[in-house]
Number of protein chains: 2
Amino acid sequence: MPLSKLEKLRNILSRKIAQGKINYAIPDLWNAWDYQGEEMKKIPSQELLVNPYRFFTEIIDKFVLPKQETGKDYSKSLSQVNKIKPQKGETGGDWVRKSVLYSTMIRVSSAWDHDRSFSLDESNFNELKETGTFVKMLALLPLLKKMGVDTLYLLPLSRFSLKDKKGELGSPYGVANFFDLDPNLKDPLTGSLMTIEEEFQALIEACHIIDMRVVIDIIPRTNAVDNDLISDHPDWFYWIKADEFHNYRVPYVEGLPNTISPEAKYMKQVYSSLDVKRHINMFQFDPKKQNPELFAKLKASSKDLLSEIEKHYNLRVAPAFSDHINDIQPPWTDVTFFRMFMDHPKETKSYLDDESTPPYILFDTIKSNLFPGEIPNQDLWDTLKNIIPHYQKTYGIDGARIDMGHALPKRLLQMIIKEARKNDPDFAFIAEELNPDNAEKAKDAGYNIIIGNGFWMQPRIWEKKLHKFVYGAKDIALPMFACSETHDTARIAGRDGGRTLARMTTVLNMLLPNLVPFINSGQEVYEVQPMNTGIDCTNEDKFRLPQNDLFYGKLALFDKYAFHYLNANRWELPDHLDGIKKIRNKWLKEITDLDYYEPVYFNEFDSPALGVSYFNPETNKCLLIVANTNCFNDIHCHATIKKLRDKADNHNNFGRLIYATYEFSRDYHDFSPDGRVYFHLGAGEVKIIEF
Amino acid sequence: MPLSKLEKLRNILSRKIAQGKINYAIPDLWNAWDYQGEEMKKIPSQELLVNPYRFFTEIIDKFVLPKQETGKDYSKSLSQVNKIKPQKGETGGDWVRKSVLYSTMIRVSSAWDHDRSFSLDESNFNELKETGTFVKMLALLPLLKKMGVDTLYLLPLSRFSLKDKKGELGSPYGVANFFDLDPNLKDPLTGSLMTIEEEFQALIEACHIIDMRVVIDIIPRTNAVDNDLISDHPDWFYWIKADEFHNYRVPYVEGLPNTISPEAKYMKQVYSSLDVKRHINMFQFDPKKQNPELFAKLKASSKDLLSEIEKHYNLRVAPAFSDHINDIQPPWTDVTFFRMFMDHPKETKSYLDDESTPPYILFDTIKSNLFPGEIPNQDLWDTLKNIIPHYQKTYGIDGARIDMGHALPKRLLQMIIKEARKNDPDFAFIAEELNPDNAEKAKDAGYNIIIGNGFWMQPRIWEKKLHKFVYGAKDIALPMFACSETHDTARIAGRDGGRTLARMTTVLNMLLPNLVPFINSGQEVYEVQPMNTGIDCTNEDKFRLPQNDLFYGKLALFDKYAFHYLNANRWELPDHLDGIKKIRNKWLKEITDLDYYEPVYFNEFDSPALGVSYFNPETNKCLLIVANTNCFNDIHCHATIKKLRDKADNHNNFGRLIYATYEFSRDYHDFSPDGRVYFHLGAGEVKIIEF
């Protein structure tokens with residue numbers, strides 16, 4: 001077998017060890033294994049000074065490669081490496097239902113101020129990169145393994161647009177080219193000896209060797225207003241007059257309420273609105289159609305094509321906006337939509353004053369799954385369906401989340417899913433579907449899991465939304481993520497309840513029925529600053545950090561940002577998850593199969609206590625998890641679980657407390673003969689009992 | 001005029017600015033001027049990240065060179081630069097009586113952990129030096145000027161022995177070659193473009209330009225046991241049998257008390273002591289005398305001469321020890337004595353059993369001024385008298401302290417002083433004389449000042465030694481240093497009374513009669529760890545720092561050490577001294593002339609208050625300084641100074657409080673008609689009143 005990319009990386013780094021007298025600091029959390037470099041020094045900040053070449057060489061040598069099995073090609077998806085195929089009747093990709101996901105934006109998760117200059121530099125005092133890279137991501141793998149993570153969920157890593165960029169670095173959601181990697185993720189540690197593609201391949205191989213899958217995020221619906229495709233396919237985009245650009249706004253439909261879905265019944269009223277007419281009138285035919293010779297000339301010139309188009313045609317690409325009618329969000333000026341159909345929507349085109357109107361963006365054309373045209377943009381669809389196969393073949397990814405997949409034409413979505421499973425029958429699909437009511441639909445489309453609304457339900461402990469989320473999960477057609485935050489939402493440790501709430505939900509999420517643990521990078525060190533304030537954030541959430549913090553007011557999705565890996569008690573959650581992981585692994589079959597599940601209800605009125613249990617009749621063993629969702633006071637509570645007790649039969653088989661998140665509060669009473677069990681739970685405590 | 005060495009240094013550094021993308025931290029105290037480098041960044045530790053090349057270039061360009069006067073050659077002593085010669089009847093060098101000295105060991109004072117690796121490296125991550133250098137010493141000059149310092153007093157900077165070295169780096173008092181500079185003080189910032197000699201020259205030029213003199217410390221009495229002179233002059237040294245070396249100890253004279261001076265009256269008893277006989281019997285003739293051919297052969301071989309001598313002759317150089325009889329100190333194994341005379345002492349040789357005994361070290365031969373022989377070691381004397389002229393001609397130094405000068409033959413001392421003043425009539429000499437009773441003798445020998453016992457008297461506030469020191473100073477034949485610590489003693493901030501005591505004495509010392517302000521480097525930032533525990537130290541003094549301090553238990557004289565320039569309130573003393581400096585300069589004539597001095601006594605019994613005053617009848621103005629030596633409680637006190645009041649005549653001329661070390665305690669009452677003045681003084685407060 002040829003040298004793997006990981007081995008190539010290892011050899012390049014290793015050869016540079018001798019020249020590496022470098023002032024390079026990393027947080028101690030990056031050494032969650034047992035690095036022994038003689039040069040390593042722990043300094044009072046709790047950082048480690050290491051020779052980065054030796055450090056990364058040794059992670060590969062001592063943490064990753066020993067787990068390698070001979071004869072396996074880890075550049076393929078892990079299911080292919082291990083020759084796992086879905087059984088008959090199974091949807092491929094259902095492995096994701098048994099996994100523990102870690103959502104990470106590599107640029108951020110592996111960022112560190114290595115030279116301690118109190119700025120994150122793209123080239124620091126040692127000409128090394130301080131924002132995150134594929135190579136540096138290796139340092140997090142031991143920590144993730146410790147926490148029981150077995151799936152790396154990567155936020156978009158394609159090259160994104162820098163035009164009118166958001167924040168200091170720009171948003172990875174404004175993709176400029178689906179097939180290029182974000183060049184920021186290239187690491188100067190390897191210099192020119194390795195390409196960025198090889199570095200990503202090496203990272204994925206390393207993950208696969210340590211039995212960790214890799215899932216990416218693809219964005220086929222929106223893309224940057226200066227996407228590379230424009231030069232070859234100007235007709236795949238929507239255009240407006242450049243000199244009217246400053247007037248571009250989301251049309252307002254009088255008489256309709258705010259933020260409603262674009263259902264067919266509203267569309268007549270939408271099209272008869274004067275503001276919608278004004279809006280549609282702004283659109284123009286694409287420059288190639290207007291004057292193909294001129295377009296060819298401009299394209300051939302070495303000048304910036306978009307500027308030339310603006311100059312010669314007075315045209316600009318139209319920005320995207322929400323698909324909801326009368327949504328209050330302003331247009332998303334950095335992204336636009338693809339034209340999914342070459343004609344107007346079949347159902348609404350009759351509302352147009354003139355059917356020869358140029359293509360336009362409106363609630364119906366955005367929601368092209370509900371309002372398809374009759375002529376698919378076949379070339380575009382072919383391009384989009386090839387994105388995942390490209391990443392499968394080049395990198396061996398194991399699954400994908402499809403951003404705004406619900407807004408794609410149904411047939412395109414089917415093509416995308418089918419194409420990927422042709423290459424890898426066990427490829428997993430995650431739906432960007434927040435509404436559990438749509439789980440059934442997502443399941444039918446071929447998704448393995450939906451994101452769900454955990455991030456919104458879990459923090460609302462006083463309204464009992466966490467109870468509703470946990471107890472209701474069993475009735476949802478697909479598993480959802482057991483998560484209390486995402487990269488778009490407020491941080492759980494920044495919410496009312498703080499670290500206690502974060503600890504309770506993070507631990508509890510590892511053991512819930514029909515719910516898949518999902519950790520948002522930074523959550524494990526009680527990060528309080530959201531990465532983006534896209535969903536469920538107040539304005540205060542943007543300023544959760546102290547004013548003298550280097551990252552005060554910064555959003556990781558757009559700005560230079562490193563997590564607070566030196567936070568006090570930074571090892572607390574990783575240590576808890578390390579303990580919980582063993583319980584989860586032992587009980588994985590029962591936790592991930594609703595047949596074994598039994599909810600636990602408490603006898604007190606409106607009790608903050610919450611409980612789940614799993615009973616396996618074959619082994620006659622039961623796992624009981626109870627949590628106090630009150631993060632400010634301890635509680636006494638009791639549950640009647642006679643049925644469980646009966647099942648567990650043997651009256652001598654007293655339960656054993658196998659985990660508690662409070663070291664000094666192990667007060668637990670066994671069943672009374674009438675089937676009651678009594679608990680004393682600390683504020684936000686989780687207790688786990690096996691019997 | 002040719003380019004000065006300072007200009008050469010400036011040009012070398014300046015050319016390197018562009019290549020200096022270096023992670024280089026300095027304490028903010030090193031920027032006591034107004035450095036404006038665009039790259040400068042203050043980090044939370046209160047350090048500044050700077051490009052060292054630009055930083056040091058700009059100190060020279062913007063702080064030093066603007067004070068340069070055209071046509072002056074600053075490579076000469078400042079008195080020569082300014083063509084100052086002593087007036088008739090004046091001893092040359094009396095400028096030192098009006099000066100403010102700053103005692104510094106360059107290796108320590110300009111040391112810093114520039115790469116923040118939590119170790120002081122001789123070559124750090126950037127291959128730069130973290131122990132102090134001549135070049136880096138430039139960074140301290142603005143701070144010293146701020147504090148009113150006008151004389152840099154340098155601890156020994158000759159190349160010292162590394163044989164059996166003390167501590168991590170060795171002691172600068174074990175000189176291996178008087179004419180070489182300590183190579184550790186060379187700075188890699190200039191690389192090979194400048195020699196260490198030129199760097200020292202550049203530093204001295206910089207000092208002279210900013211009107212600061214430079215005084216060095218020379219050590220003609222003791223020297224390293226592997227001094228370079230041994231190969232040419234083995235007969236200048238004392239030798240014992242190598243295989244008896246482990247038995248070498250200070251001979252004990254029964255019947256005499258501990259630690260007494262070797263007066264003539266004791267010597268008969270000394271020589272009749274059995275242990276002294278044993279001791280004398282250890283000594284042997286030098287190897288050259290024993291076998292000149294063999295010695296020539298060994299010297300010509302490339303092998304280590306001392307080892308060869310030990311191997312072939314069974315000889316080793318005898319270590320030095322205290323000149324006091326029955327002193328409890330063990331031998332000083334790193335240094336030995338020169339043989340000042342080629343014969344035995346005239347006064348005591350008759351006590352020897354055999355006058356052909358080989359030369360030996362004993363209390364009388366050590367104290368060769370009291371017990372001279374008849375045949376001076378003329379070649380050695382010529383060598384020693386040429387040390388200062390070498391430093392005068394090569395570096396333009398302004399004065400010197402002579403270590404153990406009182407133990408040199410009187411005639412040698414005269415030669416040394418005469419030779420120096422031949423080159424520079426205004427050259428100053430500082431006597432290492434701790435006993436004020438010997439001031440008269442030192443004055444006669446040609447010294448300008450003695451060290452005195454301030455370091456011992458000042459901290460003993462409860463025993464009223466500070467009072468005795470201050471009120472008694474006017475009666476001493478030479479000025480002494482107004483100091484509360486030296487490089488050999490405990491630190492004043494580490495004594496009982498702590499920073500309050502340190503602040504009180506440091507401020508007070510600037511304004512005392514017949515006493516010359518002397519600041520021990522580190523004192524200005526309340527350093528608590530002594531540099532050496534040679535004098536007036538308890539064993540606890542060696543461990544004044546917290547255990548987790550990088551320099552816990554280290555002694556700056558022997559170990560890698562940097563002062564705690566980041567100490568809280570590190571600017572407090574420099575700021576006070578900045579204020580006091582203006583008062584001192586205004587009143588310098590009166591402070592340094594006992595004719596204007598009048599002590600101030602307080603009326604309370606045993607008052608902790610202490611006061612001095614200066615009255616100038618020509619201007620009819622008076623300066624009054626009062627201090628509360630109680631560093632724990634405030635006091636109310638009053639003094640009757642009717643005479644002063646009468647002198648100051650005008651009853652409308654109320655005194656004006658011009659300085660107080662307590663910002664919020666400016667309570668001061670003017671004179672009452674009967675000549676009383678009332679004070680309320682905070683703990684350790686110093687108040688200054690002008691009227």
Side-chain angles (χ1 to χ4, degrees), chain A residues 16-28 31 37-55 112-130 188-189 191 545-552 560 562 564-568, chain B residues 16-28 37-55 112-130 188-189 191 545-552 554 560 562 564-568:
Chain A
K16 286 182 153 190
I17 291 175
Q19 70 181 64
K21 199 187 174 194
I22 296 180
N23 195 347
Y24 195 88
I26 57 169
D28 64 351
N31 181 21
E38 55 183 12
E39 86 291 0
M40 181 176 62
K41 184 175 201 176
K42 186 157 195 163
I43 60 177
S45 63
Q46 305 300 303
E47 289 169 289
L48 307 175
L49 296 184
V50 297
N51 174 331
Y53 299 112
R54 182 181 286 122
F55 180 75
W112 197 248
D113 178 21
H114 299 297
D115 64 2
R116 296 171 289 154
S117 68
F118 296 85
S119 62
L120 276 191
D121 305 308
E122 278 154 83
S123 178
N124 75 0
F125 277 121
N126 298 107
E127 288 166 15
L128 291 176
K129 195 170 278 185
E130 300 192 327
L189 283 167
L545 293 168
Q547 281 199 329
N548 63 356
D549 190 282
L550 194 54
F551 302 112
Y552 174 75
K560 289 180 182 177
H564 294 75
Y565 285 127
L566 299 178
N567 268 347
Chain B
K16 286 182 153 190
I17 292 174
Q19 70 181 65
K21 198 187 173 191
I22 295 180
N23 195 347
Y24 195 88
I26 57 168
D28 63 351
E38 55 182 12
E39 87 291 1
M40 181 176 63
K41 184 175 199 176
K42 188 158 196 164
I43 59 178
S45 63
Q46 304 301 303
E47 291 170 289
L48 307 175
L49 298 184
V50 297
N51 174 332
Y53 300 110
R54 182 182 285 122
F55 181 74
W112 196 248
D113 178 21
H114 300 296
D115 64 2
R116 295 171 289 153
S117 67
F118 295 85
S119 62
L120 276 189
D121 305 308
E122 280 155 80
S123 178
N124 74 1
F125 277 122
N126 298 107
E127 287 166 17
L128 292 177
K129 195 170 279 186
E130 301 194 325
L189 282 168
L545 293 169
Q547 282 200 328
N548 64 356
D549 191 282
L550 193 54
F551 303 112
Y552 174 75
K554 302 285 184 193
K560 289 181 183 176
H564 294 75
Y565 285 127
L566 299 179
N567 267 346

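So that the names make sense, note that chain A is the first sequence line, chain B the second, and so on, each numbered from 1.
Interface residue A:I22: only backbone heavy atoms are found under 4.5 Å from chain B. For chain A, no part of B:N548 is nearby; none of its heavy atoms comes within less than 4.5 Å.
Contact record, B:L49 with A:R116: CD1-O, 4.3 Å, taken as the closest heavy-atom pair.
Distance alone, capped at 3.5 Å, places no donor-acceptor pair between the A:N23 side chain and the B:F125 backbone.
Using a 4.5 Å cut-off between non-hydrogen atoms, the part of residues 38-46 of chain B that approaches chain A consists of B:K41, B:I43, B:P44.
The CG atom of B:D115 sits 11.5 Å away from atom CG of A:D115, with the distance rounded to the nearest 0.5 Å.
For B:Y552, the ring-ring contact (aromatic ring centres under 6.0 Å, His included) criterion is met by B:F543, not counting sequence neighbours.
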